[in-house]
2 protein chains.
Amino acid sequence: MFSKSCEYAIKAMIFVAQKSNADTRVGIKEISKGTDAPEHFMAKIMQDLSRRKLIHSVKGPNGGFYMDASDLKNSIADIVKAIDGDVIYSDCVLGLKVCSEKNPCPVHFEYKEIKKSLIKMIENNTIADFNEKLDTGMYFLKNK
Amino acid sequence: MFSKSCEYAIKAMIFVAQKSNADTRVGIKEISKGTDAPEHFMAKIMQDLSRRKLIHSVKGPNGGFYMDASDLKNSIADIVKAIDGDVIYSDCVLGLKVCSEKNPCPVHFEYKEIKKSLIKMIENNTIADFNEKLDTGMYFLKNK
DNA sequence: TACTCACATGATTTAGAAAACATGATTTAT
DNA sequence: ATAAATCATGTTTTCTAAATCATGTGAGTA
């Protein structure tokens with residue numbers, strides 16, 4: 001559904017939210033281990049997220065990434081838009097460049113409703129929400 | 001959502017359903033033009049569909065592809081399973097290899113419901129259904 | 001039979017995402 | 001001020017889906 005980059009980005013945001021606070025930062029190594037993502041690739045993604053102000057970073061010794069209260073208010077949709085753009089809002093099951101009310105593919109109207117709930121899901125779930133969930137220890141960001 | 005191959009496969013099935021009957025077959029060239037897909041690539045996909053008995057083919061002069069009554073009863077899900085396998089049934093928003101009730105990613109339960117309606121959609125829509133739709137001229141398989 | 005048409009099969013190439021690498025810049029600590 | 005830690009940036013490599021190419025096979029027709 002999302003690009004690999006985007007999957008990693010979401011996982012990283014959730015992971016950092018869990019592990020960081022005002023003066024505890026999380027480094028790339030820890031993030032990539034905690035989310036089961038390739039280190040160098042994840043580094044690049046973190047820099048994207050940082051450039052787009054979805055997360056804070058500090059250089060140097062004891063540096064790393066962290067999230068403040070306003071970062072925690074971001075939704076999954078904000079991350080997806082930052083990394084994958086708005087394909088999720090415009091994509092077509094059959095791959096039509098333009099698939100709309102006026103120019104619908106054969107499944108346009110059926111998919112429309114599903115897409116609506118999909119968008120609702122990613123827009124209504126904030127990082128803070130996941131933070132609480134993960135605290136229960138009943139959810140996972142990686143398999144092994 | 002689906003692979004490019006799968007998108008083309010669905011379009012091709014719908015297209016052939018429209019254009020063919022017992023003694024009118026549709027050739028690769030016509031199919032690829034009618035669905036805006038690369039000819040050689042589409043040829044390969046048609047052969048997959050043919051091998052998996054989702055469509056009939058005839059070699060030689062006046063040969064081509066066609067669908068009989070039972071072919072028309074196939075659902076979109078049948079095509080998806082033939083081309084992409086059952087990833088749609090097991091995929092995870094965050095890319096976990098195993099994402100289940102026992103080992104859920106943070107969005108597993110929210111996505112579960114959406115996935116259910118997605119599957120329902122592709123299982124309940126048969127090629128024959130589209131055939132009728134397309135007759136109205138209000139749906140499209142390509143843009144230009 | 002021989003020729004042609006059109007699908008079938010397998011090998012090859014291309015393009016773009018995913019991943020890795022090399023180097024630069026900034027901060028902290030001594 | 002120097003060195004080490006850590007994020008930032010740009011380039012290169014790898015991998016796989018997507019697309020193409022070359023050749024084979026069966027069916028129809030004269």
Side-chain angles (χ1 to χ4, degrees), chain A residues 1-13 15-16 19-20 23-33 35-67 80 83-85 87 91 94-95, chain B residues 1-13 15-16 19-20 23-33 35-67 71 80 83-85 87 91 94-95 97:
Chain A
M1 177 155 59
F2 303 133
S3 69
K4 217 72 188 155
S5 298
C6 193
E7 289 177 5
Y8 291 151
I10 297 169
K11 291 207 234 176
M13 290 283 282
F15 184 80
V16 174
K19 297 272 180 170
S20 79
D23 38 34
T24 308
R25 291 77 175 255
V26 194
I28 286 288
K29 280 209 180 79
E30 193 179 349
I31 297 173
S32 65
K33 272 179 195 151
T35 57
D36 196 28
E39 187 180 325
H40 293 289
F41 192 28
M42 183 56 101
K44 179 139 292 195
I45 293 165
M46 294 312 292
Q47 286 139 28
D48 277 352
L49 293 173
S50 165
R51 221 177 303 121
R52 287 169 182 281
K53 313 287 186 197
L54 292 171
I55 202 169
H56 283 78
S57 73
V58 175
K59 287 182 179 179
N62 296 314
F65 299 87
Y66 71 95
M67 298 180 83
V80 172
I83 304 294
D84 280 353
V87 282
D91 81 326
L94 299 191
Chain B
M1 177 156 58
F2 303 133
S3 70
K4 217 73 188 156
S5 298
C6 193
E7 289 177 5
Y8 292 149
I10 297 169
K11 292 208 235 176
M13 290 283 283
F15 184 80
V16 174
K19 299 272 180 170
S20 79
D23 37 34
T24 308
R25 290 78 175 255
V26 194
I28 286 287
K29 281 208 180 77
E30 194 179 347
I31 297 173
S32 64
K33 273 178 194 153
T35 56
D36 196 28
E39 186 180 326
H40 293 289
F41 192 28
M42 182 56 101
K44 177 139 293 194
I45 293 164
M46 294 312 292
Q47 286 139 28
D48 277 352
L49 294 173
S50 165
R51 221 177 304 122
R52 286 169 182 282
K53 314 286 186 200
L54 292 171
I55 203 169
H56 283 77
S57 73
V58 176
K59 288 182 179 177
N62 295 313
F65 298 88
Y66 71 95
M67 299 179 82
D71 292 334
V80 172
I83 305 292
D84 281 353
V87 282
D91 80 329
L94 299 190
K97 286 272 176 296

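Note on naming: letters A, B, ... go to the chains in the order of the sequence lines (proteins, then strands), and numbering restarts at 1 for each one. Computed from heavy atoms alone, side chains included, the values below leave out hydrogens, waters and symmetry copies.
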### Task
Output yes when a side-chain donor or acceptor of A:Lys11 lies under 3.5 Å from a complementary backbone atom of A:Thr35, and no otherwise.
yes
### Message
Rounded to whole Å, how long is the line connecting atom CZ of B:Phe65 with atom P of C:dC5?
### Response
18 Å
### Those residues that, when tested against A:Ala12, pass side-chain contact (heavy atoms from CB on, under 4.5 Å) (two or more places apart)
A:Ile31, A:Met42, A:Met46
### Task
Report the distance from atom CD1 of A:Ile55 to atom C1' of D:dA8, rounded to the nearest whole Å.
15 Å
### Whole angstrom value for the distance that separates P of C:dC7 from OH of B:Tyr66
13 Å
### Query
Taking only N and O in the side chain of B:Ser57, is any of them less than 4.0 Å away from OP1 or OP2 of C:dA6?
no
### Query
Mind checking what makes side-chain contact (heavy atoms from CB on, under 4.5 Å) contact with A:Arg51, not counting sequence neighbours?
A:Gln47, A:Asp48
### Query
When the distance from CE of B:Met42 to C1' of C:dA6 is rounded to whole Å, what number comes out?
16 Å
### Task
Any chance you could list the contact pattern along nucleotides 23-30 of chain D? Use B for base contacts, S for sugar-phosphate-only contacts and - for none, protein heavy atoms under 4.0 Å, 5' to 3'.
--BBBS--
### Task
Specify the closest pair of heavy atoms between B:Ile28 and B:Glu39, including all atoms of both residues, with the distance to one decimal.
CG2-CG, 3.6 Å
### Summary
Across all chains, not counting sequence neighbours, the side-chain hydrogen bond (donor to acceptor under 3.5 Å, both in side chains) partners of B:Ser50 are none
### Task
Please state whether the phosphate of C:dC7, meaning OP1 or OP2, lies under 4.0 angstrom from any side-chain nitrogen or oxygen of B:Ser50.
no
### Task
Take the protein atom CD1 of B:Ile31 and the nucleotide atom P of C:dA8, then report the distance between them rounded to whole Å.
10 Å
### Task
Calculate the interatomic distance between A:Arg52 atom CZ and D:dA8 atom P; express it in whole Å.
14 Å
In residues 2-9 of chain A, what donor-acceptor pairs under 3.5 Å come from side-chain atoms, sequence neighbours left out?
from	atom 1	to	atom 2	distance (Å)
A:Ser3	OG	A:Cys6	N	3.1
A:Ser3	OG	A:Asp84	OD1	2.6
A:Ser3	OG	A:Asp84	OD2	3.4
A:Lys4	NZ	A:Glu7	OE1	3.4

### Task
Nearest whole angstrom, please: distance from the P of D:dA17 to the CG of B:Asp84.
10 Å
### Query
What does nucleotides 12-21 of chain C look like as a protein-contact string, B for base, S for sugar-phosphate only, - for none, at under 4.0 angstrom between heavy atoms?
------SBBB
### Query
Which pair of heavy atoms, one from A:Lys19 and one from A:Glu30, lies closest together, and at what distance?
CD-OE2, 3.9 Å
### B:Glu30 CD - C:dC7 C1' separation (whole Å)
15 Å
Output side-chain donor-acceptor pairs under 3.5 Å for residues 55-65 of chain B, partner residues at least two apart or in another chain, one line each.
from	atom 1	to	atom 2	distance (Å)
B:His56	ND1	B:Asp71	OD2	2.6

### Query
Is there a side-chain contact between A:Val80 and A:Val87 (heavy atoms, below 4.5 Å)?
no
